[in-house]
Amino acid sequence: MPAKSDPQLTEDQKMRSDYRAHLVVLVWCIVALIILGRAFYIQVIAHAYYADLGDRQYISTTPANFERGSIFFSQYRKEPVPAAQLRTTYRIAIDPTQIKDSEVVYDALVQHIPLEKEVFFEKAAKTGDPYEEIAKDIAPEIVTEIRQLGLKGVSFVKDNKRAYPQESIGAKIIGFVGNDGIRVKGQYGLERYYEDVLARNGNNQTINFFAQLFADIEENEVSTIDGREGDIILTIDVEAQRALNTILKETKKEWGSDMIGGIVMDQKTGEIVAMDALPSFDPNVYASVKDSSYFGNQNVSGVYEMGSIIKPLTMAAALDAGAVTEDTTYTDTGFRDLNGYKIRNYDGQARGPNTHMQTILDKSLNIGIVFLVEKLGVQKFQDYFKKFGLGEETGIDLPGEVSGLTENLDSTVFVDSATAGFGQGIAVTPIQTIRALSSLGNGGNLVNPHVVDSIIYQDGTVKKIEEDEKRQVITKETSETITRMLVHVVDTALKNGTYKMDRYSIAAKTGTAQMPKPGGGYYDDRYLHSFFGYFPAYEPRYIIFLYHTYPKGAEYASATLTDPFFKMVKFFISYYEIPPDR
């Protein structure tokens with residue numbers, strides 16, 4: 001028997017089938033248009049309203065079941081201290097349907113928590129509403145006292161909140177946790193960088209689907225070395241950090257700086273023991289900060305023309321390459337015209353023939369640096385500066401690091417290298433700067449700066465953050481020579497030797513750089529002042545780098561940063577019980 005063939009559809013059936021298919025497509029198109037229209041309305045038409053709503057979400061409390069790992073500062077010869085941890089607070093609510101005498105309840109509660117009487121009675125009068133919140137952020141001990149009163153119609157809701165016990169100390173390193181309208185997560189600093197370690201399973205939840213759809217948030221996620229959950233121990237010493245913060249505040253107040261910052265680093269390991277910049281903020285109340293730039297860390301994301309503290313790098317490069325020796329002399333004319341670009345010593349004065357290499361550093365002579373770059377040659381000079389890590393990210397374990405503006409290190413025009421040699425025409429970050437300068441005293445090695453010492457995982461295992469392999473950028477002999485020259489700067493030239501320490505050798509150099517104008521050129525009356533030094537010079541423990549922008553009332557860094565630097569030195573010698581080397 002022949003197989004039966006499928007019956008042919010009639011014209012009417014085809015029309016009905018096409019109609020149904022078109023109807024389904026039309027319905028899906030309408031749904032899609034509604035979704036897109038709503039998204040357009042939220043993103044464009046009602047942007048201001050929803051931005052405000054987002055801000056309110058951003059500063060709202062975190063969920064009651066919120067869990068997160070802790071961050072700890074280290075402390076010399078003591079246990080680590082909390083830098084970021086969870087704090088339990090309570091919201092207090094009333095159920096108007098159960099309250100018989102509002103006056104009695106109010107009188108009892110107001111003895112323990114602040115209440116606005118009119119607001120309380122207004123909420124208590126809502127007899128159709130079983131839940132009215134009357135207070136938040138109430139400490140557990142206060143809640144215990146109120147519970148003992150046995151007030152009917154009063155309830156308590158537990159909240160776990162992120163707390164920062166040291167307040168503004170280390171804020172730019174730690175960052176904070178906030179609800180950005182999309183997720184509850186770390187927003188800045190280590191809270192963001194180590195989100196995958198600190199967040200607890202299930203907490204990193206999406207709050208707003210459409211916001212996530214249009215925000216492309218994954219682009220800003222930071223991937224760290226291990227996804228296991230744990231707590232973090234820092235290389236930052238809480239007392240060193242507090243001392244740096246205090247000195248920066250005092251200096252900023254005295255000189256009216258626009259911004260001031262500082263870093264203290266173990267010169268041999270790259271461990272950051274203190275890092276700060278002002279203006280800053282208290283992460284416990286970050287929502288009250290009106291200028292979000294306060295949250296950023298200028299030490300890793302700010303770029304500056306550093307001025308004369310770069311000169312020791314140029315000297316070290318010339319010594320290391322054999323272009324000059326300590327005994328080399330040159331004729332200092334005080335002024336050079338390089339194809340129309342005029343370069344002068346800071347005072348315009350010539351030091352004449354037989355000017356020694358030491359004098360270039362002692363007197364911070366720009367013309368001497370031009371001589372060194374000439375002896376090196378442009379290509380070798382640029383190669384050395386790149387070996388020092390200028391123009392590359394250091395890889396520090398903090399978000400937002402930038403590489404700087406160092407195009408002049410690729411220029412074939414001599415004047416671009418000549419000016420870079422004394423710290424103008426290239427802009428680098430403070431963390432790049434201190435890493436490069438640390439090589440001068442640690443035997444010539446480029447270390448890897450980091451702020452995390454170890455991670456303690458929830459299973460009890462500990463991961464020590466290991467140093468990456470160091471890069472040798474100058475020889476040990478060059479390191480010893482440039483160190484000896486920088487000690488001479490402190491012992492004889494800095495304030496005429498008045499800061500020389502009898503029992504400790506200090507290697508240091510100041511820097512003063514004109515600040516660039518936004519449209520090009522330089523201000524005549526605005527400077528960046530900087531100061532770096534390490535000690536004890538021949539077996540250095542720590543390198544200190546201080547800088548501030550547009551200080552008022554003094555032209556040179558020696559006037560504004562010498563005292564703060566030596567306050568830091570004396571604190572570290574005392575706190576870490578550093579033995580003398582003289």
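For Arg192 and Glu195, the salt-bridge test fails: no basic side-chain N is under 4.0 Å from an acidic carboxylate O. A salt bridge between Glu577 and Arg77 is present, with a side-chain N of the basic residue lying under 4.0 Å from a carboxylate O of the acidic one. Under 4.0 Å is where a charged nitrogen must lie from a carboxylate oxygen, and between Lys152 and Asp95 no such pair does. A salt bridge links Glu103 with Lys117; the closest basic N to acidic carboxylate O contact falls under 4.0 Å.
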**Item:** Worked verdict on Glu392 versus Arg471 for salt bridge (charged side-chain N to carboxylate O under 4.0 Å, His left out)
**Value:** CA-CA 14 Å; Glu392 70 174 30; Arg471 283 155 49 187; 2.9 Å; yes

**Request:** Determine, stepwise, if the pair Leu244 / Leu546 fulfils side chain to side chain contact (heavy atoms under 4.5 Å, CB included).
**Result:** CA-CA 10 Å; Leu244 176 61; Leu546 304 175; 4.0 Å; yes

**Item:** Test log, rule salt bridge (charged side-chain N to carboxylate O under 4.0 Å, His left out), inputs Lys123 and Glu118
**Value:** CA-CA 9 Å; Lys123 291 184 175 184; Glu118 289 184 9; over 6 Å; no

**Prompt:** So Val447 and Met265, side chain to side chain contact (heavy atoms under 4.5 Å, CB included) or not? Walk me through it.
**Reply:** CA-CA 10 Å; Val447 297; Met265 185 173 76; 3.8 Å; yes

**Message:** Applying side-chain hydrogen bond (donor to acceptor under 3.5 Å, both in side chains) to Asp563 and Tyr499, what does each step give before you reach the verdict?
**Reply:** CA-CA 9 Å; Asp563 282 341; Tyr499 282 82; 2.3 Å; yes

**Criterion salt bridge (charged side-chain N to carboxylate O under 4.0 Å, His left out) on Asp137 and Lys161, from CA distance to verdict** = CA-CA 9 Å; Asp137 293 336; Lys161 302 183 68 174; 2.5 Å; yes

**Request:** Any chance you could lay out the salt bridge (charged side-chain N to carboxylate O under 4.0 Å, His left out) test for Glu191 and Lys185, step after step, and finish with the verdict?
**Result:** CA-CA 8 Å; Glu191 292 277 30; Lys185 62 177 186 176; over 6 Å; no

**Request:** Apply the test ring-ring contact (aromatic ring centres under 6.0 Å, His included) to residues Phe565 and Phe531: give CA-CA distance (whole Å), side-chain angles for both, the deciding distance (0.1 Å), then the verdict.
**Result:** CA-CA 7 Å; Phe565 173 82; Phe531 197 123; 4.5 Å; yes

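You'll find the side chain of Phe72 stays beyond 4.5 Å of the side chain of Leu234, heavy atoms only. Residues Val462 and Ser454 form a side-chain contact, since some pair of their non-hydrogen atoms from C-beta on lies under 4.5 Å apart. In this structure the side chain of Arg435 reaches within 4.5 angstrom of the side chain of Leu446, judged on heavy atoms. Contact check for Met275 versus Asn297: side-chain heavy atoms found under the 4.5 Å cut-off. Using a 4.5 Å cut-off on side-chain heavy atoms (C-beta onward), Pro536 and Ile578 make contact. No side-chain heavy atom of Arg91 sits less than 4.5 Å from a side-chain heavy atom of Ile138.
From Ile263, atom CD1 reaches atom OG of Ser438 across 11.0 Å, with rounding to the nearest 0.5 Å. Here the CG-CD1 distance, from Leu190 to Ile71, works out to 5.5 Å after rounding to the nearest 0.5 Å. For the atom pair CG (Asn299) and CD (Gln432), the distance works out to 12.0 Å, reported to the nearest 0.5 Å. Separation of atoms CG (Asp237) and OG (Ser74) is listed at 4.5 Å; rounding is to 0.5 Å. Taking NZ from Lys172 and CG from Asp276, the interatomic distance works out to 7.5 Å, rounded to the nearest 0.5 Å. The structure places CG of Leu198 at 4.0 Å from CD1 of Ile232, a figure rounded to the nearest 0.5 Å.
Within a 6.0 Å radius of CD in Glu79, other residues, nucleotides and ligands contribute 12 heavy atoms or fewer. Residue Lys126 qualifies as enclosed at atom NZ: its count of foreign heavy atoms under 6.0 Å is above 12. More than 12 heavy atoms of other residues, nucleotides or ligands lie within 6.0 Å of CD in Glu141, so this atom counts as buried by the packing criterion. Shown here is Tyr294, whose OH atom has no more than 12 heavy atoms of other residues, nucleotides or ligands within 6.0 Å.
Side chain to side chain, Arg242 and Gln166 meet the donor-acceptor criterion of an N or O pair below 3.5 Å. Between Thr394 and Glu401, the side chains place a donor N or O and an acceptor N or O closer than 3.5 Å (distance only, hydrogens not considered). The closest side-chain donor-acceptor pair between Tyr131 and Glu133 falls under 3.5 angstrom. Residues Thr88 and Asn160 have side chains that bring a donor and an acceptor to within less than 3.5 angstrom of each other.
Paired with Tyr576 under the rule ring pair (Phe, Tyr, Trp, His ring centres under 6.0 Å), one option of Phe571, Phe535, Tyr542 passes, and it is Tyr542. Here the options are Lys252, Arg526, Lys552, the test is salt bridge (Lys or Arg N to Asp or Glu O under 4.0 Å), and the partner is Asp258; only Lys552 passes. Of the options Val143, Thr144, Leu151, a side chain to side chain contact (heavy atoms under 4.5 Å, CB included) to Arg147 is made by Val143 and by none of the others.
Counting all heavy atoms, side chain and backbone alike, Thr560 lies closest to Thr251 at O-CG2, 3.9 Å. Residues Asp231 and Ser70 approach most closely at OD1-N, 2.8 Å, considering heavy atoms. Nearest heavy atoms, Ala554 versus His529: O-CE1, 3.3 Å. Closest non-hydrogen pair, Ser280 versus Ala171, comes out as OG-CB, 4.0 Å. Minimum heavy-atom separation, Ile260 to His548: CG1-CB, 3.5 Å. Residues Pro283 and Glu167 share a closest heavy-atom pair of CD-O, 3.2 Å.
The six-membered or imidazole ring of Tyr106 lies near that of Phe120, with a centre-to-centre distance under 6.0 Å. Taking the ring centroids of Phe532 and Phe545, they lie at or beyond the 6.0 Å cut-off. Ring-centre distance between Tyr550 and Tyr527: not below the 6.0 Å cut-off. Between Tyr286 and Phe281, the ring center distance fails the sub-6.0 Å criterion.
A cation-pi geometry, defined here as NZ or CZ lying under 6.0 Å from the six-membered ring centre and within 45° of its normal, does not hold between Lys78 and Tyr76.
Here the side chain of Glu229 pairs no donor or acceptor atom with the backbone of Gly69 at under 3.5 angstrom. Proximity of a side-chain donor or acceptor of Ser574 to a complementary backbone N or O of Lys570 within less than 3.5 Å is not detected. For the pair Asp266 (side chain) and Lys268 (backbone), a donor-acceptor distance under 3.5 Å is present.
In this structure, Phe295 and Phe176 have perpendicular ring planes: the angle between them is above 60°, well past the 30° mark. In this structure, Tyr90 and Phe156 have perpendicular ring planes: the angle between them is above 60°, well past the 30° mark. Ring pair Tyr547/Tyr304 is tilted by interplanar angle, where 30° to 60° counts as tilted.
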